[in-house]
Amino acid sequence: MQETQMLADCGVHCVGLPLRLPVNKEDITEDEAREIIQQTCTHILPVCITYLDKAEDIVQFCSELNITHVQLHGHVELAELQKLARIAPDLYIIKSLVIQADGSNKKALLQVVKDSAPYVDAYITDTHNSKTGADGATGLTHDWNISAELVQQSPRPIILAGGLTADNVAEAIRIVKPSGVDAHTGVEDATGRKSQTLVCKFVQEAAKAFAKLTG
C-alpha cells in the first residue's frame, strides 16, 4: 500500500496488479490487491494483470476484485474476446502484444490487432525472453520499430512496455509514439522493490518526451 502511494506521489497514472500468473511469481495476494483497489482508486488507477483466458473467468475475477480495468497477458482466443466484449461491455480490456526478440512475429501481431481491435480498448506491447520463455517482466527491450508499426496500424491506443528505464524511455517514446508507457523491472532497486528515485525520474523523462510529441 505504501508503494502504491509512492507511485501516485511520483505522478504514475496506473498501478498493475499481477494475479493468477502461471509463469511469474505473484507480487501480492488477492486480498492485498483488493485492499489496494479499495483504497487507491481515487488517485491511481488499478489494473489487474492476468493470464486468465476465458471470458466468464475474467469477468468473475474482475467482479470479485471490484476492478474496472484488466490486462490480458496470455493468449486469448478471438471468440473469447468477442464474448468478453459482449458480456462485460463496461470492462476496460487491455490486450498484450508480446514481441519476439528477433521480431519474427510482427506479421502475426499485426493480424491480431486487425482481428481483435473491435473487442478491446487498448494494447500493451512487451518483450519475449527466448531463454526463459517469459512474456513480460523480462527487463528486455525489443525492436521499437515494430512497436511503432503496431501504433501506426492500430485503431486502439497502444502502451509501450519492455525493458523501459528512465534512461531509455524518452528515446522509446520518440520512436514509437505510444499512447502511454509502462515500466516494471526498470524502476526497481536491488531488493526488487520500486525505487522512488527511479520511478520519479522515469515519470519526469516520459512526461518531457510526450510533451515534445504534442508540442
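For Val151, the side chain to side chain contact (heavy atoms under 4.5 Å, CB included) criterion is met by Ile158, Val176, not counting sequence neighbours. Partners of Lys95 under the salt bridge (Lys or Arg N to Asp or Glu O under 4.0 Å) rule, at least two apart in sequence or in another chain, do not exist in this structure. A search for side-chain hydrogen bond (donor to acceptor under 3.5 Å, both in side chains) contacts involving Asp90 returns nothing, not counting sequence neighbours. For Thr50, the side chain to side chain contact (heavy atoms under 4.5 Å, CB included) criterion is met by Arg20, Cys48, Leu52, Val70, Leu72, not counting sequence neighbours. With sequence neighbours excluded, no residue forms a salt bridge (Lys or Arg N to Asp or Glu O under 4.0 Å) with Asp57.
The CD1 atom of Ile99 sits 5.0 Å away from atom OG1 of Thr125, with the distance rounded to the nearest 0.5 Å. Residue Asp126 holds its CG atom at 10.0 Å from CG of Leu97, rounded to the nearest 0.5 Å. In this structure, CD1 in Ile159 is found 7.0 Å from SG in Cys14, a value given to the nearest 0.5 Å. A distance of 4.0 Å separates CD1 in Ile36 from OG1 in Thr4, rounded to the nearest 0.5 Å. One finds the CZ atom of Phe210 at 7.5 Å from the OG atom of Ser179 (value rounded to the nearest 0.5 Å). Here NZ of Lys107 is found 14.0 Å from CD1 of Ile146. Values are rounded to the nearest 0.5 Å.
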Exercise for the section: Would you sort out whether Leu17 and Val47 count as a side-chain contact (heavy atoms from CB on, under 4.5 Å), showing the intermediate values? Expected result: CA-CA 6 Å; Leu17 306 175; Val47 179; over 6 Å; no
Exercise for the section: Check the pair His75, Val98 against side-chain contact (heavy atoms from CB on, under 4.5 Å), reporting the backbone distance first and the verdict last. Expected result: CA-CA 10 Å; His75 174 72; Val98 180; over 6 Å; no
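Annotation for Leu198 and Glu188: closest pair CD1-O, 3.6 Å, computed over non-hydrogen atoms. Listed here is the closest heavy atom pair of Val113 and Tyr123: O-OH, 3.3 Å. For the residue pair Ser116 and Leu78, the shortest heavy atom distance occurs at CA-CD1, 4.0 Å. Between Gly74 and Tyr51, the shortest heavy-atom distance links the atoms CA-CD2, 3.6 Å. Taking every heavy atom of both residues into account, Glu30 and Leu19 meet most closely at CG-CD2, 4.0 Å. Between Ile49 and Gly16, the closest heavy-atom pair is CD1-CA, 3.7 Å.
At a threshold of 4.0 Å, the pair Glu3-Arg193 counts as salt-bridged, since one of the basic side-chain nitrogens sits closer than that to a carboxylate oxygen.
In this structure the side chain of Ile94 never reaches within 4.5 angstrom of the side chain of Val120, judged on heavy atoms. Between Gln100 and Leu109 the shortest side-chain heavy-atom distance does not fall below 4.5 Å. Side chains of His184 and Lys194 form a contact here, defined as non-hydrogen atoms less than 4.5 Å apart. Between Lys201 and Thr197 the shortest side-chain heavy-atom distance does not fall below 4.5 Å. A heavy-atom distance below 4.5 Å is found between the side chains of Gln71 and Ile124.
Pairs of residues two or more places apart, or lying in two chains, that qualify as side chain to side chain donor-acceptor pair (under 3.5 Å) and include a residue from residues 204-215 are Glu205-Lys208. Residues in residues 146-159 take part in these salt bridge (charged side-chain N to carboxylate O under 4.0 Å, His left out) pairs, two or more places apart or across chains: Lys106-Glu149. Residue pairs that meet the salt bridge (charged side-chain N to carboxylate O under 4.0 Å, His left out) test with at least one member in residues 66-87, sequence neighbours left out, are Glu56-Lys83. Within the structure, the side chain to side chain donor-acceptor pair (under 3.5 Å) test picks out the following pairs touching residues 169-178 (sequence neighbours left out): Glu171-Arg174. Evaluation of the disulfide (SG to SG under 2.5 Å) test over residues 186-215, restricted to residues two or more places apart or in two chains, returns Cys10-Cys200.
The aromatic rings of His69 and Tyr92 lie parallel to each other, with less than 30° between the two planes, well short of the 60° mark.
Within the 3.5 Å criterion, the main-chain N or O of Ala148 finds no donor-acceptor partner in the side chain of Asn145.
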Under 3.5 Å, which donor-acceptor pairs do the side chains of residues 59-67 form with other protein atoms, sequence neighbours left out?
| residue | atom | partner | partner atom | Å |
| --- | --- | --- | --- | --- |
| Gln60 | NE2 | Glu64 | OE2 | 3.2 |

Pairs of donor and acceptor atoms involving the side chains of residues 163-170, under 3.5 Å and at least two apart or interchain, shall be tabulated with distances.
| residue | atom | partner | partner atom | Å |
| --- | --- | --- | --- | --- |
| Thr165 | OG1 | Asp167 | N | 3.1 |
| Thr165 | OG1 | Asn168 | N | 3.4 |
| Asn168 | OD1 | Thr165 | N | 2.7 |
| Asn168 | ND2 | Gly163 | O | 3.1 |

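Between the side chains of Thr29 and Asp31, no donor-acceptor pair of N or O atoms lies under 3.5 Å.
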